[in-house]
J.: 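Please see the structure below; I have some questions.
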Amino acid sequence: MAEMRRNESWCSLVRVFSMLMVVALHSSGLWLTGSDVTSANWRFANAINSACRPAVPFFFMLSGYLICRGASMPFAVYARKRLWRIGPAFLLATGLALSYRAATGEHLGVSVLWSWITTPQFYHLWFFYPLAFVYVGLWLLRPTASAEPVPGIFVCFALICILDWRGESFAAFLLYAFAGYFIAATARSRQMSVLATLAGVVMLMWVYVATARVSAAAGHLDQQWYRYTSLPVVAASFLLFFAMRHLLDEIRIPRVVERASAASLLVYCGHPFIIDAISRRFPALVPEIGAPTGIALLVVVCAGTPILVHRSWRLFDIFKLFVRA
């Protein structure tokens, strides 16, 4: 396996890109549901959503690289370290979400609270569950230093696509994590990185066109091509992660990027609350403001607010609850 370089500035850039893509993806949803699938706003929102589908795979791929290239450690030490990274953040996000639902008038009975433990979908708390699974899987099945990256990449790609019949399973996200490690270990090639970027863009255009076609036939948004395990999304995620790993490797990043990167988990946990609160407070947002302007404003507010909060919390060391996953 090619020796991995220790300049990790590209990791912060990928994390920030992924963070902004997740916010844009969820913001675009306001113009995708309950609207005319032939309208200009719907088409623009579909373009944004399609372009941002690799965001979640990027997070898992980056985690796979950072964990697998680090030193091995006993499971007790490893588990304690990982639990401290996601445990407090999960509890805080769950508490905030429950409080928010109660504040918006929803009755929270015992059955509702139990559903949060078993299927925590509201406000994307589901992310913590596959992340915990991936953490354990990476320790149990850690690749050896002698593993060849290219065969590993193709095996991960094939298995994720095969698992697509099961949907977005935990196993698929674990394979994304392994793929991130293998992709990061490949030899640098600027020409291949440029070609990978172009091919990745083509894959995302496939998602856009296919989603528009099936949605027009159904008369409403059909998300089958949005799946993180669909062929074009998997291909785009692999190709663009490879390109960013090598093209961003030598970039000297400003401190503001590092600060935004450190707040990425807080942004991920907090932005759905902000989107929902804004849509409730300004119900005319979708019909009166076009998708281009609306999505841009939501990204600025939903990413900027948690980052500012994160910087303020540093005074009390609460920022440690949201260290990078």
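Side chains included, hydrogens not; waters and symmetry mates left out as well; all remaining heavy atoms used.
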J.: Can you tell me how far the CD atom of Glu168 sits from the OG atom of Ser230, to the nearest 0.5 Å?
T.: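 If we round to the nearest 0.5 Å, Glu168:CD and Ser230:OG are 8.5 Å apart.
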J.: Would the distance check show the side chain of Ser264 and the main-chain N or O of Ser261 forming a donor-acceptor pair, the cut-off being under 3.5 Å?
T.: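 Checking the backbone N and O of Ser261 against the side chain of Ser264, a donor-acceptor pair under 3.5 Å is found.
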J.: State, with a plain yes or no, whether a side-chain heavy atom of Phe60 is found less than 4.5 Å away from one of Leu131.
T.: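 Phe60 vs Leu131: side chains touch.
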J.: Under 6.0 Å between ring centres: does that hold for Phe173 and Trp126?
T.: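 Between Trp126 and Phe173, which both carry aromatic rings, the centre distance is below 6.0 Å.
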J.: Between Thr293 and Ile289 (side chain of the first, backbone of the second, donor and acceptor by atom type, cut-off under 3.5 Å), is there such a pair?
T.: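 No, Thr293 side chain to Ile289 backbone: no donor-acceptor pair under 3.5 Å.
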J.: So if I apply the side-chain contact (heavy atoms from CB on, under 4.5 Å) rule between Trp10 and each of Ile253, Leu248, Ile251, which one comes out positive?
T.: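 Of all the options given, the one that passes is Leu248.
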J.: Could you go through the side-chain contact (heavy atoms from CB on, under 4.5 Å) check for Tyr228 and Val234 one step at a time?
T.: CA-CA 7 Å; Tyr228 298 126; Val234 178; over 6 Å; no
J.: Between Leu204 and Tyr208, is there shared hydrophobic-cluster membership here, with clusters defined by ILVMFWY side-chain heavy atoms closer than 4.5 Å?
T.: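 No, Leu204 does not connect to Tyr208 through the hydrophobic network.
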J.: Shared ILVMFWY cluster between Leu138 and Leu83, side chains joined below 4.5 angstrom?
T.: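 No, separate clusters.
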J.: I need the minimum non-hydrogen distance between Arg142 and Ser72, along with the two atoms involved.
T.: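 So the two residues come closest at NH2-N, 3.9 Å.
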J.: Passes side-chain contact (heavy atoms from CB on, under 4.5 Å), Leu266 versus Ile307? Steps please.
T.: CA-CA 8 Å; Leu266 180 57; Ile307 290 173; over 6 Å; no
J.: Once you round to the nearest 0.5 Å, how far does CD1 of Ile183 lie from OG of Ser237?
T.: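 Rounded to the nearest 0.5 Å, the CD1-OG separation comes to 9.0 Å.
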J.: Measuring from atom CG of Leu198 to atom CE of Met203, what distance do you get when rounded to the nearest 0.5 angstrom?
T.: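 Result: 11.5 Å between the selected atoms.
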J.: Less than 4.5 Å apart, any side-chain heavy atom of Trp139 and any of Arg82?
T.: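 A side-chain contact is absent here, since even the closest heavy-atom pair is not under 4.5 Å.
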J.: In this structure, is the centre-to-centre distance between the rings of Phe44 and Trp31 below 6.0 Å?
T.: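 Distance test on ring centres: not under 6.0 Å, no.
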J.: Does Tyr226 form a side-chain contact (heavy atoms from CB on, under 4.5 Å) with Val233? I'd like the steps, not just the answer.
T.: CA-CA 7 Å; Tyr226 281 171; Val233 172; over 6 Å; no
J.: Establish, yes or no, whether the cationic atom of Arg69 lies under 6.0 Å from the six-membered ring centre of Tyr65 and within 45° of the ring axis.
T.: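 Judged by the rule, Arg69 and Tyr65 form a cation-pi pair.
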J.: Taking all non-hydrogen atoms of both residues into account, name the closest pair between Met21 and Ala55 and its distance.
T.: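 Taking Met21 first and Ala55 second, the nearest heavy atoms are CB-CB, 3.6 Å.
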J.: Kindly give the heavy-atom pair with the smallest separation between Arg227 and Gln224, and that separation in Å.
T.: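 Arg227 and Gln224 have their closest heavy atoms at NH1-O, 2.7 Å.
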J.: With heavy-atom distances below 4.5 Å as the criterion, would you say the side chains of Phe178 and Ile160 are in contact?
T.: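 SC-SC contact between Phe178 and Ile160 ruled out.
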J.: What distance separates Leu297 CG from Ser27 OG, expressed to the nearest 0.5 Å?
T.: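 Atom-to-atom, Leu297:CG and Ser27:OG are 10.0 Å apart.
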J.: Would His246 and Thr186 count as a side-chain hydrogen bond (donor to acceptor under 3.5 Å, both in side chains) if you check the C-alpha gap in whole Å, the side-chain angles of each, and the deciding distance to 0.1 Å?
T.: CA-CA 9 Å; His246 297 300; Thr186 56; 3.0 Å; yes
J.: I need the Arg259 CZ to Ser12 OG distance, nearest 0.5 Å.
T.: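 Arg259 CZ to Ser12 OG: 13.0 Å, rounded to 0.5 Å.
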J.: Donor-acceptor pair, Arg43 side chain versus Val37 backbone, under 3.5 Å?
T.: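 Side chain of Arg43 to backbone of Val37, a donor-acceptor pair under 3.5 Å: no, none is there.
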J.: Which of parallel (below 30°), tilted (30 to 60°) and perpendicular (above 60°) describes Phe241 and Phe58?
T.: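 Ring orientation of Phe241 relative to Phe58: tilted.
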J.: Can you confirm whether Asp222 sits close enough to Thr211 that some side-chain heavy atom of one is under 4.5 Å from a side-chain heavy atom of the other?
T.: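 Side-chain contact under 4.5 Å: no.
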J.: Go through the steps to decide whether Ser28 and Asn49 satisfy the test side-chain hydrogen bond (donor to acceptor under 3.5 Å, both in side chains), and finish with yes or no.
T.: CA-CA 6 Å; Ser28 67; Asn49 205 300; 3.1 Å; yes
J.: If the plane angle is over 60° it's perpendicular, under 30° parallel, otherwise tilted; pick one for Phe127 and Tyr268.
T.: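 Plane angle between 30° and 60°, so tilted.
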J.: State yes or no: do Val214 and Ile48 share one hydrophobic cluster built from I, L, V, M, F, W and Y residues joined by side-chain heavy-atom distances below 4.5 Å, directly or via other members?
T.: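 Yes, because Val214 and Ile48 connect within a single hydrophobic cluster, where side-chain heavy atoms sit under 4.5 Å apart.
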J.: Take Ser39 and Asn41 through the side-chain hydrogen bond (donor to acceptor under 3.5 Å, both in side chains) test and state the conclusion after the steps.
T.: CA-CA 5 Å; Ser39 68; Asn41 281 326; 5.6 Å; no
J.: Looking only at heavy atoms, which two atoms of Leu159 and Leu175 are closest? And how far apart?
T.: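 Smallest heavy-atom distance, with atoms named: CB-CD1, 3.5 Å.
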J.: So which heavy atom on Ala303 is nearest to which on Val267, and how close?
T.: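 Closest approach of Ala303 to Val267, heavy atoms only: O-CG2, 3.9 Å.
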J.: Mind checking whether Trp42 and Leu221 have side chains closer than 4.5 Å, heavy atoms only?
T.: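 Side-chain contact under 4.5 Å: yes.
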J.: Does Leu66 reach the side chain of Cys11, with side-chain heavy atoms less than 4.5 Å apart?
T.: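 Contact flag for Leu66/Cys11 side chains = yes.
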J.: Are Phe282 and Ile295 joined in one hydrophobic group, where the rule is that I, L, V, M, F, W and Y side chains link up if heavy atoms are under 4.5 Å apart?
T.: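 Both belong to a single hydrophobic cluster.
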J.: Between Val23 and Val301, is there a shared hydrophobic cluster once you connect ILVMFWY residues whose side-chain heavy atoms come closer than 4.5 Å?
T.: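 They do share one cluster, since a chain of ILVMFWY contacts under 4.5 Å joins Val23 to Val301.
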J.: Looking at every heavy atom in both Leu62 and Arg15, which two are closest together, and how far apart are they?
T.: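 Residues Leu62 and Arg15, closest heavy atoms: CD2-NH2, 3.8 Å.
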J.: Going by heavy atoms in the side chains, are Ile67 and Val134 under 4.5 Å from each other?
T.: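 No. Closest side-chain heavy atoms not under 4.5 Å.
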J.: As an exercise, state the distance from CZ of Phe238 to CE of Met61, rounded to the nearest 0.5 Å.
T.: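 CE of Met61 is found 5.0 Å from CZ of Phe238.
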J.: Does a side-chain heavy-atom distance below 4.5 Å link Ile153 with Phe242?
T.: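 Ile153 vs Phe242: side chains apart.
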J.: For a side-chain contact (heavy atoms from CB on, under 4.5 Å) check, start with the C-alpha distance between Phe128 and Cys269, then their side-chain angles and the critical distance, and finish with the verdict.
T.: CA-CA 10 Å; Phe128 289 95; Cys269 293; 3.6 Å; yes
J.: Checking Trp206 side chain against Trp225 main chain: does a donor-acceptor pair fall under 3.5 Å?
T.: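 Judged by distance alone, no pair lies under 3.5 Å.
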J.: Applying ring pair (Phe, Tyr, Trp, His ring centres under 6.0 Å) between Phe170 and each of Tyr129, Tyr135, Phe133, report the one that passes.
T.: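 With Phe170 as partner, Tyr129, Tyr135, Phe133 yield a single ring pair (Phe, Tyr, Trp, His ring centres under 6.0 Å), made by Phe133.
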